[in-house]
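The next block holds one structure in the form of structure tokens; read it before the comments.
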There are 2 protein chains.
Amino acid sequence: MATGRTHRPATRSRGIPEATVARLPLYLRALTALSERSVPTVSSEELAAAAGVNSAKLRKDFSYLGSYGTRGVGYDVEYLVYQISRELGLTQDWPVVIVGIGNLGAALANYGGFASRGFRVAALIDADPALTGKAVAGIPVQHTDDLEKIIKDNGVSIGVIATPAGAAQQVCDRLVAAGVSSILNFAPTVLNVPDGVDVRKVDLSIELQILAFHEQRKAGEEAMAEALPAVAVVKDSSDQGPDGDVPAVMPA
Amino acid sequence: MATGRTHRPATRSRGIPEATVARLPLYLRALTALSERSVPTVSSEELAAAAGVNSAKLRKDFSYLGSYGTRGVGYDVEYLVYQISRELGLTQDWPVVIVGIGNLGAALANYGGFASRGFRVAALIDADPALTGKAVAGIPVQHTDDLEKIIKDNGVSIGVIATPAGAAQQVCDRLVAAGVSSILNFAPTVLNVPDGVDVRKVDLSIELQILAFHEQRKAGEEAMAEALPAVAVVKDSSDQGPDGDVPAVMPA
DNA sequence: AAATGTGAACTACTTCACAGCC
DNA sequence: GGCTGTGAAGTAGTTCACATTT
């Protein structure tokens with residue numbers, strides 16, 4: 001049920017901000033949960049809390065999609081689920097291949113959130129002949145030799161790379177040559193791709209390093225707080241740097 | 001939630017922008033590769049190319065750390081590796097626990113980039129008694145019952161959650177209560193944590209959805225280009241496309 | 001009365017372009 | 001001449017605050 005007009009074209013046209021796009025899946029997840037509990041409507045305040053963002057941001061985000069709410073009431077959950085799904089392109093099914101079926105590849109193949117949301121694991125590919133033919137998550141692993149054929153036969157445009165770093169660029173090149181134009185890269189390496197190909201990367205060790213940075217900072221502040229009263233903490237052996245406040249203290 | 005106000009801005013420590021912090025691991029990786037090839041110095045241009053960023057950005061990033069380069073020459077690789085490592089807090093060793101030893105948890109436990117860079121998997125924890133005692137990546141899996149003791153005995157401040165979504169918040173609460181203040185969350189759910197605790201999330205399905213959005217946009221543009229005439233081939237309702245004709249309709 | 005949608009103000013990040021040093 | 005380091009300009013993203021609508 002969706003007919004009628006209401007709002008003028010609103011020449012917003014050119015592009016939803018990238019930051020907004022990155023949050024839409026978050027909203028969608030929260031909305032799906034509400035939908036499962038048969039909640040009919042939700043306010044920006046409530047939904048924002050569920051998604052872990054601030055409500056002004058959420059309203060602004062939605063405003064890029066259109067005017068889908070009702071003042072004084074809120075948003076219709078089902079309707080919004082549909083609109084966001086459509087915006088994200090999840091009303092169609094995306095066949096995906098996973099290349100590199102080690103622990104990580106297997107984890108991805110088994111990942112349920114996959115199939116549930118517009119994605120279908122069309123094939124698993126690995127370079128190890130010993131794996132060829134074996135089933136992972138009920139899907140037979142195929143050999144890298146057949147990569148191009150697999151991509152083409154299945155009309156795959158999204159590829160997931162879960163190979164070791166050393167193989168990633170080569171796999172990437174082959175995927176792109178075969179027609180893949182979006183890549184999710186789990187290998188800890190920078191991928192070079194031609195224009196028109198999107199790459200997103202997920203790197204565990206980078207995430208941990210960012211956490212370590214903040215963790216270190218916290219440890220430093222604690223130490224500062226304790227030692228603040230009289231003397232400033234000496235700067236250890238650190239050298240230049242604009243006015244360092246480097247914590248020269250070990251956690252104990 | 002949101003109790004003890006007045007913590008630190010959390011976004012700036014020594015005035016290093018969060019976006020810069022997020023790139024430091026990238027630079028570090030590129031520098032490490034250069035170091036292994038015994039390259040003594042590198043220019044901002046070269047290093048930027050290796051890290052996949054633009055060189056002005058890289059120089060600006062480094063300027064937040066201090067003046068570590070030499071005009072007319074470039075940066076000393078070893079020195080920069082050390083400075084960035086120190087800045088990120090990687091000159092110390094961070095014990096990490098992984099909770100939830102399914103496919104993903106196992107993949108993380110086996111992930112080499114871990115140990116190599118300042119992190120040590122101190123323990124693996126899972127709620128399944130059948131797993132208890134079994135070794136994964138050479139590390140025995142321990143039972144969730146002992147979570148608090150494990151955290152405390154090992155002085156763990158960084159935790160990785162790789163459980164199903166349903167268990168994540170509970171695990172998170174216990175980790176935090178036991179003293180963990182940085183969490184890397186792989187479960188597809190929003191975690192609520194008190195002030196002072198950092199959470200970073202990695203969500204496969206969100207990444208895929210973002211890719212799908214761009215993929216759809218690409219497909220739309222292609223279609224527009226080849227079939228400009230009136231009839232569109234898209235699914236039922238007309239949608240996207242630059243210069244929208246957004247079919248705004250009201251909820252039932 | 002309640003809650004959206006949005007200009008305007010603000011903040012964060014990026015890129016330019018060039019002075020300054022080697 | 002080459003390359004860094006950085007103010008200044010430009011761009012993207014966030015938050016405020018309130019007019020508007022139901």
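Per chain, numbering begins at 1; letters A, B, ... match sequence-line order.
- Look at OH on A:Tyr68: it is 12 Å from P on C:dT6, rounded to the nearest Å.
- Rounded to an integer number of Å, the gap from A:Lys57 NZ to C:dT6 P is 19 Å.
- More than 12 non-hydrogen atoms from other residues, nucleotides or ligands lie less than 6.0 angstrom from CD of A:Glu18.
- Expressed to the nearest 0.5 Å, how far CG of A:Asp198 lies from CG of A:Leu184 amounts to 11.5 Å.
- Side-chain atoms of A:Asn54 do not come within 3.5 Å of backbone N or O of A:Leu58 as any donor-acceptor pair.
- The OH atom of B:Tyr64 lies 10.0 Å from the CD1 atom of B:Ile16; values are rounded to the nearest 0.5 Å.
- A:Lys218 NZ: more than 12 foreign heavy atoms inside a 6.0 Å radius.
- Judged purely by distance below 3.5 Å, without hydrogens or angles, the side chains of A:Gln169 and A:Thr189 never pair a donor atom with an acceptor atom.
- Taking atom CG of residue A:Asp61 and atom C1' of nucleotide D:dT15, one finds them 12 Å apart after rounding to whole Å.
- The distance from atom CG of B:Leu47 to atom P of D:dG5 is 12 Å, rounded to the nearest whole Å.
- Aromatic ring centroids of B:Tyr75 and B:Tyr68 lie 6.0 Å or more apart.
- Taking A:Thr32 as the reference, A:Arg117 meet the side chain to side chain donor-acceptor pair (under 3.5 Å) condition, with sequence neighbours excluded.
- Rounded to whole angstrom, the span from the CD atom of B:Glu45 across to the C1' atom of C:dA17 amounts to 14 Å.
- In the region residues 190-200 of chain A, proximity to DNA chain D at under 4.0 angstrom, judged on heavy atoms, holds for none of the residues.
- Of the side-chain N and O atoms in B:Tyr75, one or more sit less than 4.0 angstrom from OP1 or OP2 of D:dG5.
- Taking atom CG of residue B:Leu65 and atom C1' of nucleotide D:dG5, one finds them 13 Å apart after rounding to whole Å.
- Residue B:Ile16 contributes atom CD1, which lies 14 Å from atom P of D:dT6 at whole-angstrom precision.
- One can place OH of A:Tyr64 at 9 Å from C1' of D:dT14, the figure rounded to the nearest angstrom.
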Q: Can you check each nucleotide of nucleotides 16-22 of chain D against protein heavy atoms at under 4.0 Å and return B for base, S for sugar-phosphate only, - for none, in 5' to 3' order?
A: BB-BBBB

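- Between B:Ser44 and D:dC3 there is no side-chain N or O to OP1 or OP2 distance below 4.0 Å.
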